[in-house]
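Everything below concerns the one structure shown next.
Remember, predicted model here, so these are calculated numbers, not experimental data.
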Amino acid sequence: MPPARRRARAYDDTTIRAAVTSQFAHLGRAVGTLTAEQLALPTRLGDWTVRELVAHTALMVDAIPDLLDRPAPPRVELALLDWPAATASLGPRVDEAARSLAAAEPDLEARYARAADRLTRALDGAAPDRLLGISPGAMRLADFLVTRTVELTVHTDDLNDALGLHIPHERQTLAACTRLLADVLAQKAPGGSVEVRVPPHAVVQCVEGPRHTRGTPPNVVETDPLTWLRLATGRTSWAEARDAGKVSASGERADLAAFLPLLG
């Protein structure tokens, strides 16, 4: 019999809405300071420049009011923990949209301001269980907003990396991103032989093998939230993080290289 599907943890919808709105505001303020030279700088995302990355992040948030403007699908088709795998095929479409907006939009600061206003108005009164017809399958609004914490956290880190900035991470945005990606790992590698700790936000048991029940776990992986999201999204490799001292791993099973990344 296959293992039972892992259920996503509960997220407070009011907290997630505030976190998404606040993190996007941090990005908008940073975008407003960027020069043409900074927008032309390379990023760690293939051949995207900062301009394409900034355009993509605006589109990612603009998608929420766009989806709420459309008729609701009849049923849920995509669970929250299945979102990373389901979006793996969307790369070419995402790339085309980001390049198109980056080429067509002369004022990205104004685009962010419009997107922020549209987001606030669209979320006002929208029910958490309202279904959205996203490409991989219909999702609850509340679940889709949790996925936006991943996108916003990751792309904030991408911009900081490209520009040497220190755009802040909202605590609740980073927490939700960390927890979702930890739970996705536990679903991808079910079991109880390894304890993965990402303090202060997440602890999960994963990887098939003898289950730990008492005392100090024999196999423990521990890292910080930003290193975890970089591992989970392929921004850094397991070996790179281990060599840099960003991950501690003890025990013969405490090697997650085979399960990473979780999100491309």
Side-chain angles (χ1 to χ4, degrees), residues 2-9 11 16 19-20 23 43-46 53 56-57 60 77-95 134-137 139 143-158 161 169 173-199 201-209 219-242 244 246-249 253-264:
R5 296 284 293 170
R6 185 180 182 90
R7 294 186 64 182
R9 70 181 72 205
Y11 295 86
I16 295 299
V20 167
Q23 191 63 48
T43 70
R44 59 190 177 189
L45 303 177
L53 174 55
H56 166 67
T57 308
M60 179 202 68
E77 298 170 324
L78 187 63
L80 178 56
L81 295 184
D82 295 326
W83 168 76
T87 58
S89 64
L90 300 181
R93 188 184 308 176
V94 168
D95 180 70
I134 71 169
S135 296
M139 290 186 80
D143 290 342
F144 189 67
L145 288 172
V146 177
T147 73
R148 300 306 85 181
T149 70
V150 177
E151 296 274 9
L152 286 167
T153 302
V154 170
H155 292 320
T156 297
D157 191 52
D158 289 333
D161 176 77
H169 291 275
T173 315
L174 183 59
C177 170
T178 302
R179 291 166 183 156
L180 175 56
L181 293 174
D183 289 344
V184 170
L185 171 67
Q187 174 169 281
K188 184 176 182 179
S193 69
V194 179
E195 184 166 286
V196 178
R197 303 170 178 171
V198 192
H201 301 310
V203 178
V204 294
Q205 305 261 332
C206 60
V207 182
E208 188 176 3
N219 302 284
V220 177
V221 172
E222 184 165 331
T223 189
D224 63 275
L226 287 178
T227 299
W228 171 236
L229 75 87
R230 292 165 191 159
L231 286 165
T233 61
R235 267 62 174 179
T236 191
S237 71
W238 177 259
E240 289 168 340
R242 283 291 305 272
K246 296 292 188 180
V247 172
S248 66
R253 296 176 182 270
D255 186 333
L256 302 181
F259 308 112
L260 299 171
L262 305 171
L263 178 66

Below 4.5 Å, heavy atoms only, C-beta onward: do [X] and [Y] meet side chain to side chain?
{"X": "Asp224", "Y": "His201", "answer": "no"}
{"X": "Trp228", "Y": "Leu260", "answer": "yes"}
{"X": "Val198", "Y": "Pro225", "answer": "yes"}
{"X": "Phe259", "Y": "Val194", "answer": "no"}
{"X": "Asp161", "Y": "Thr43", "answer": "no"}
{"X": "Tyr11", "Y": "Leu145", "answer": "no"}
{"X": "Thr223", "Y": "Val196", "answer": "no"}

Residues two or more places apart in sequence or in another chain: which of them pass side-chain contact (heavy atoms from CB on, under 4.5 Å) with Pro136?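 Testing Pro136 for side-chain contact (heavy atoms from CB on, under 4.5 Å), a comparison that skips the adjacent residues, returns Leu78, Ala86, Thr87, Leu90, Ile134.
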Side chain to side chain contact (heavy atoms under 4.5 Å, CB included) evaluation trace for Thr57 with Glu151: CA-CA 8 Å; Thr57 308; Glu151 296 274 9; over 6 Å; no
By side chain to side chain donor-acceptor pair (under 3.5 Å), which residues pair with [X], not counting sequence neighbours?
{"X": "Ser248", "answer": "none"}
{"X": "Trp83", "answer": "none"}
{"X": "Arg44", "answer": "Asp157, Asp158"}
{"X": "Glu240", "answer": "Thr236, Ser237"}

Do Arg93 and Ser135 pass the side chain to side chain contact (heavy atoms under 4.5 Å, CB included) test, and can you show the C-alpha distance, the side-chain angles, and the key distance before you say yes or no? CA-CA 11 Å; Arg93 188 184 308 176; Ser135 296; 2.7 Å; yes
State, to 0.1 Å, how close [X] and [Y] come at their nearest heavy-atom pair, and which atoms those are.
{"X": "Trp238", "Y": "Ala249", "value": "CZ2-CB, 4.0 Å"}
{"X": "Gln205", "Y": "Gly192", "value": "OE1-O, 3.2 Å"}
{"X": "Leu231", "Y": "Ala241", "value": "CD2-CB, 3.9 Å"}
{"X": "Thr147", "Y": "Leu180", "value": "CA-CD2, 4.5 Å"}
{"X": "Arg242", "Y": "Ala254", "value": "NH1-O, 4.5 Å"}
{"X": "Leu263", "Y": "Val150", "value": "CD2-CG1, 3.8 Å"}

Atom pair [atom1]/[atom2] of [X] and [Y] - distance to nearest 0.5 Å:
{"X": "Met60", "Y": "Leu152", "atom1": "CE", "atom2": "CG", "result": "3.5 Å"}
{"X": "Leu229", "Y": "Arg235", "atom1": "CG", "atom2": "CZ", "result": "8.0 Å"}
{"X": "Leu226", "Y": "Thr178", "atom1": "CG", "atom2": "OG1", "result": "7.5 Å"}

Show the numbers, then the answer: is there a side chain to side chain contact (heavy atoms under 4.5 Å, CB included) between Asp82 and Gln187? CA-CA 9 Å; Asp82 295 326; Gln187 174 169 281; 3.0 Å; yes
Working for side chain to side chain contact (heavy atoms under 4.5 Å, CB included), residues Val220 and Arg197: CA-CA 8 Å; Val220 177; Arg197 303 170 178 171; 3.9 Å; yes
Taking Arg253 for its side chain and Glu208 for its backbone only, find out whether a donor-acceptor pair lies under 3.5 Å. yes
Report yes or no: does Asn219 contribute a side-chain atom to a donor-acceptor pair with the main-chain N or O of Ser193 at less than 3.5 Å? yes
All ring-ring contact (aromatic ring centres under 6.0 Å, His included) counterparts of His56, not counting sequence neighbours: Trp48, His155
Does atom NZ of Lys188 have more than 12 heavy-atom neighbours, drawn from other residues, nucleotides or ligands, at distances under 6.0 Å? yes
